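Quick note on labels: first sequence line is chain A, next is B, and so on, each numbered from 1. These numbers come from a predicted model, not from an experiment. Below, each value reflects all heavy atoms present in this structure, side chains not excepted, and no hydrogens, waters or symmetry copies.
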Protein chains: 2
Amino acid sequence: MPGRRRMMSPGWGGKFRGCGYRMTVPRQAIMDVLSGTDKHLSAEDIYMKVHKMSPDVGLTTVYRTLELLTQMGLVVKFDFGDGRARYELTEGPKSEHHHHLICASCKRIIEYTDFIDEEMEFLKRAEKGLSKKYNFDIKNHIIQFYGLCDKCKNKK
Amino acid sequence: MPGRRRMMSPGWGGKFRGCGYRMTVPRQAIMDVLSGTDKHLSAEDIYMKVHKMSPDVGLTTVYRTLELLTQMGLVVKFDFGDGRARYELTEGPKSEHHHHLICASCKRIIEYTDFIDEEMEFLKRAEKGLSKKYNFDIKNHIIQFYGLCDKCKNKK
DNA sequence: CTTCTTATTGAAAATGGTTTCCATTATCAA
DNA sequence: TTGATAATGGAAACCATTTTCAATAAGAAG
């Protein structure tokens, strides 16, 4: 096959290199895990999943890579109040746009995808306006509702 | 002045007692600090301010009280990604409804109060719908935009 | 006002997610 | 292939937050 020079993963390598970073085995593995799930995973979750395919990747690297991805805007970091952060790929093919309801008492988390249309409309305008006014390059957003879930509000 | 029996602070005591908790000196001091600022404070910030008036209140109690207040829905707990949580009274007279822009690179935080009207409209509908659908008693919400601030987006 | 139950507190120690250090390794431009 | 240096992993350090526990104080009852 002449003329075909390593047309590998059209994937993430370019994204990394485009930002001045290198593509490495650990980073590829982490991207694979992130794009292979539709759940919000903790660093440890990701570490364990990565470990199955690439046992040499360390937890430290997972943390470093997640921080990098967050800065690049490819990943969103969530805090649900249980002491460990969760991470989600922004543009996952599987990941439907969603947000979270968090029970302030038992910390239960409900993912919802409702009202996204109305939300989109509001967000579009807000993002446009805010990025202009504050000269901010907005890449992601988080919306979280706090309250009491059905179980917690009916007890005590 | 007969007939007047200690008509003290019409304040927070009732709120606490109404939830089955006691009103104490530390709790009163913490409420005073929270209602006396319009900034988002860390636990340590609050501890130090409380300490000026009530030197006996310990940091542990500050944490405990903040957790309590968060569960009661009187306080919102924020995570701006710098490793320490911030707390804000929900219904402060001073506190204008606002949200935050967070620079994913330098962690700078911009508070904005724009687009609140449109937001309110969206939130009103979302909260009503979500609380019904998921049988959730929604007390607060958080909206955060992540991206790069003007300084960070123009450098490497 | 005194008593009693028990929620609350403070200090110190423990916890545990996340970061830092640093010597070694691997990426990729030349 | 080579070389500059970005990236890595393991151990140790960090440090905000939580837990433990004996002492204290709130508030209902008498």
Side-chain angles (χ1 to χ4, degrees), chain A residues 5-6 8-9 11-31 40-48 50-51 53-72 75 77-87 107 156, chain B residues 5-6 8-9 11-31 40-48 50-51 53-72 75 77-87 107 156:
Chain A
R5 60 183 66 183
R6 67 151 90 203
M8 271 195 49
S9 56
W12 306 105
K15 272 262 168 50
F16 277 91
R17 256 169 259 121
C19 294
Y21 304 117
R22 296 177 181 171
M23 179 45 103
T24 65
V25 171
R27 284 174 181 171
Q28 183 64 59
I30 291 166
M31 293 314 290
H40 39 256
L41 302 176
S42 68
E44 182 109 24
D45 292 336
I46 295 167
Y47 169 69
M48 290 190 298
V50 164
H51 194 266
M53 302 307 299
S54 311
D56 295 338
V57 177
L59 181 56
T60 304
T61 298
V62 173
Y63 275 107
R64 272 189 297 233
T65 303
L66 288 171
E67 164 67 14
L68 200 64
L69 291 167
T70 302
Q71 292 213 37
M72 292 165 69
V75 157
K77 180 181 182 181
F78 291 94
D79 169 45
F80 296 140
D82 67 345
R84 80 193 54 190
R86 308 300 159 96
Y87 303 84
K107 313 297 184 196
K156 167 56 204 313
Chain B
R5 59 183 65 183
R6 68 149 90 203
M8 272 195 51
S9 56
W12 307 105
K15 273 259 167 51
F16 277 91
R17 255 169 262 121
C19 293
Y21 303 117
R22 296 175 181 173
M23 178 46 101
T24 64
V25 171
R27 286 176 181 171
Q28 183 63 58
I30 291 166
M31 293 315 289
H40 39 254
L41 303 176
S42 68
E44 183 109 25
D45 292 337
I46 295 167
Y47 169 69
M48 289 191 297
V50 165
H51 194 266
M53 301 309 299
S54 312
D56 294 337
V57 177
L59 180 56
T60 305
T61 297
V62 173
Y63 275 106
R64 273 189 295 233
T65 303
L66 288 171
E67 165 66 13
L68 200 63
L69 291 167
T70 302
Q71 293 214 37
M72 292 165 68
V75 157
K77 180 181 183 181
F78 291 94
D79 169 44
F80 296 140
D82 68 343
R84 82 192 52 189
R86 307 300 159 97
Y87 303 83
K107 314 294 184 198
K156 175 58 198 330

Enquirer: Check this for me, if you would: do B/Lys107 and A/Glu67 make a salt bridge, where the nitrogen-to-carboxylate-oxygen distance has to be below 4.0 angstrom?
Expert: yes
Enquirer: Let me know the distance between CG of A/Asp56 and P of C/dT24, rounded to the nearest Å.
Expert: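 Going from A/Asp56 (CG) to C/dT24 (P), I get 18 Å.
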Enquirer: Using whole Å, report how far CD of A/Gln28 lies from C1' of C/dA26.
Expert: 15 Å
Enquirer: What orientation do A/His51 and A/Tyr47 show, parallel under 30°, tilted 30 to 60°, or perpendicular over 60°?
Expert: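 It falls in the tilted class, 30° to 60°.
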Enquirer: Backbone N or O of A/Arg22 within a donor-acceptor pair of the A/Arg27 side chain at under 3.5 Å?
Expert: yes
Enquirer: Of all the heavy-atom pairs spanning B/Met72 and B/Cys19, show the shortest one and how long it is.
Expert: CE-SG, 3.8 Å
Enquirer: Just the rounded figure in Å: distance from P of C/dG17 to CG of A/Asp79.
Expert: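 Those two atoms, CG and P, are 14 Å apart.
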Enquirer: What is the separation between atom CG on A/Leu68 and atom C1' on D/dA6, rounded to the nearest whole Å?
Expert: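 In whole Å, D/dA6 C1' lies 11 Å from A/Leu68 CG.
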Enquirer: Could you check how far CZ of B/Arg17 sits from C1' of D/dA28, rounded to whole Å?
Expert: 12 Å
Enquirer: Take atom OH of B/Tyr21 and atom P of C/dT9, then tell me their distance rounded to the nearest Å.
Expert: 12 Å
Enquirer: Mark up nucleotides 14-25 of chain D, 5' to 3', with B wherever a protein heavy atom is under 4.0 angstrom from a base atom, S wherever such an atom reaches only the sugar-phosphate, and - elsewhere.
Expert: --SSBBB-----
Enquirer: Which heavy-atom pair separates B/Ala85 from B/Lys77 by the least distance, and what is that distance?
Expert: CB-CE, 3.7 Å
Enquirer: Measure from CE on B/Met23 to P on D/dG27 and round the result to the nearest Å.
Expert: 9 Å
Enquirer: Show me the donor-acceptor pairs, under 3.5 Å and distance only, between side chains in residues 58-66 of chain A and residues at least two apart or in other chains.
Expert:
{"unit_1": "A/Thr65", "atom_1": "OG1", "unit_2": "A/Thr61", "atom_2": "O", "d": "2.8"}

Enquirer: Both B/Arg27 and B/Tyr47 contact DNA chain C. Taking the nearest nucleotide for each, which residue is further toward the 5' end?
Expert: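 Between the two, 5'-proximity favours B/Arg27.
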